[in-house]
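Notes to accompany the following structure.
Ligands are counted one by one from 1 in listed order, and the atoms in each one are counted from 1 as well.
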Amino acid sequence: MNTVDDLEVSGRRVLVRADLNVPIGGNGIRDDGKIRACLPTLNALLERGAAVVVCSHLGRPASGPDPAYTLAPVAARLSDLLGRPVVLAADTVGPSARAAVTGLRPGGVVMLENLRFNAGETSKDDGVRGAFADELASLADLYVGDGFGAMHRRHASVCDVAARLPHAAGYLVQAETAALERLTGDIERPYIVVLGGAKVADKLPVVGGLLGRADQILIGGGMAFTFLAAQGHGVGLSLLEGDLDAARGYLERGARCGVALVIAPDVVVAPGRDSAAQGEVASSAAIPADRMGLDIGPQSVRLFAAKLATAKTIFWNGPMGVFEIPRFADGTRAVAQALASGGAFTVIGGGDTAAAVRALGFPDDAFGHVSTGGGASLEYLEGKTLPGLAALQADDAPAGAPATAAGSIA
Ligand code: 3PG
Ligand code: MG
């Protein structure tokens, strides 16, 4: 795989696909870890005389441009962190993007608007995605893939552009794959995986992939309710997503192959996530119909901490509860503490999980590696080929530098 160091970038326009999908709340960006993570690549390109066109998705806008998902706050934060202006185009590949890119000089930075404002980005149709990739590719001479957190997505900016421009992997992708390498192959055991979080439908299949690899899988957060429902328990108003038959199948397979799937035995419940009411503890097998599970309970905390204390290798993805609300943060804090204070090699995966541990006051160096990828790192650990990595490895780009539609900047 080519790296940024292999590219001649001076005087060239470089399209960088980053994963700047940061958590944004009422007061703006809640955690800028993903923006900081792409600085080494961006700074190296700029110092070497490139003009940078940076692009990313943000959230999951339903269809077309939506101001709720603008990258404007991200562009502003990136500008602060780079110490140079970042021009945000008002569109992704339209007239505003073209004008901004045409005006770029070496050392300059343009950010395209949210890639997912264009249906071509995520289309399942190769032709539709390819047409969008053609437009993206026409904005630059070279392509750098550095959005590790999106590399499990077969999307135009992640996969198809690499086939259209000379390309390389960014430094973040190199650092991520080097760290995650330690969790594949010869793993120091016991190896325990902790899963939680909210993108349950996405991540459920990963459990199947990890059954043959991990010694134990501890399940809390939003994912616990899918397994509880699969066991036949009511989950009240709790988040319930994903295929219950699949969850049941994983429970059976886990039992057969001796991998313990440990579902949080108790939860903290409340009438709703905005309710001012204090949470109460309920057994996971008896969640009242009018209550929502918002954190794992104290018995789960003790059980998970005891198991994690025995591990030599731990991977954790997904908060144990709605940690943004302090009274539902105890489970997430306890798991973070168990990782930080034990002797295992620990990897935290996912923007939300990384944001959670930072928000709870844990420094990044309390853990072996903090990955920007949640779904991406999970699929990597399952042994799957990430489409974005495969695209960077493929040697199918046009040789040499093609003429840029937007004209020369030299
Ligand atoms: C993430 O936050 O996990 C990545 O940015 C990918 O986002 P997605 O799950 O919406 O594709
Ligand atoms: Mg994620």
Problem set entry | Contact atoms of ligand 1, heavy-atom distance to Arg153 under 4.0 Å |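 Listed by number with element: 8 (P), 9 (O), 11 (O).
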Problem set entry | Proximal ligand 1 atoms for Asp19, defined as those under 4.0 Å from one of its heavy atoms |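 Per the distance check, 4 (C), 5 (O).
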Residues [X] and [Y]: side-chain donor-acceptor under 3.5 angstrom:
{"X": "Ser300", "Y": "Asp266", "value": "yes"}
{"X": "Glu176", "Y": "Ser377", "value": "no"}
{"X": "Ser138", "Y": "Arg98", "value": "yes"}
{"X": "Arg17", "Y": "Ser157", "value": "yes"}
{"X": "Thr70", "Y": "Glu113", "value": "yes"}

Exercise. Any idea which part of Lys34 is under 4.0 Å from ligand 1, heavy-atom wise: side chain, backbone, both or neither?
Worked result: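 For Lys34, the contact with ligand 1 is made by the side chain alone.
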Problem set entry | Lys203 contact mode with ligand 1 (heavy-atom cut-off under 4.0 Å) |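 Lys203 to ligand 1: no contact under 4.0 Å from either part.
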Exercise. Okay, side chain of Tyr171, backbone of Asp146: is any donor-acceptor separation there less than 3.5 Å?
Worked result: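 A pair under 3.5 Å: no.
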Exercise. Taking the non-hydrogen atoms of Gly149, is any one of them nearer than 4.0 angstrom to ligand 1?
Worked result: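 Yes; Gly149 lies near enough to ligand 1 that a heavy-atom distance drops under 4.0 Å.
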Exercise. Taking both backbone and side-chain atoms of Arg60, is any N or O found less than 3.5 Å from an N or O belonging to ligand 1?
Worked result: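 Yes, there is a polar N/O contact under 3.5 Å.
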Exercise. Would you say Lys199 has any N or O atom under 3.5 Å from an N or O of ligand 1, going by distance alone?
Worked result: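 It does: an N or O of Lys199 is found under 3.5 Å from an N or O of ligand 1.
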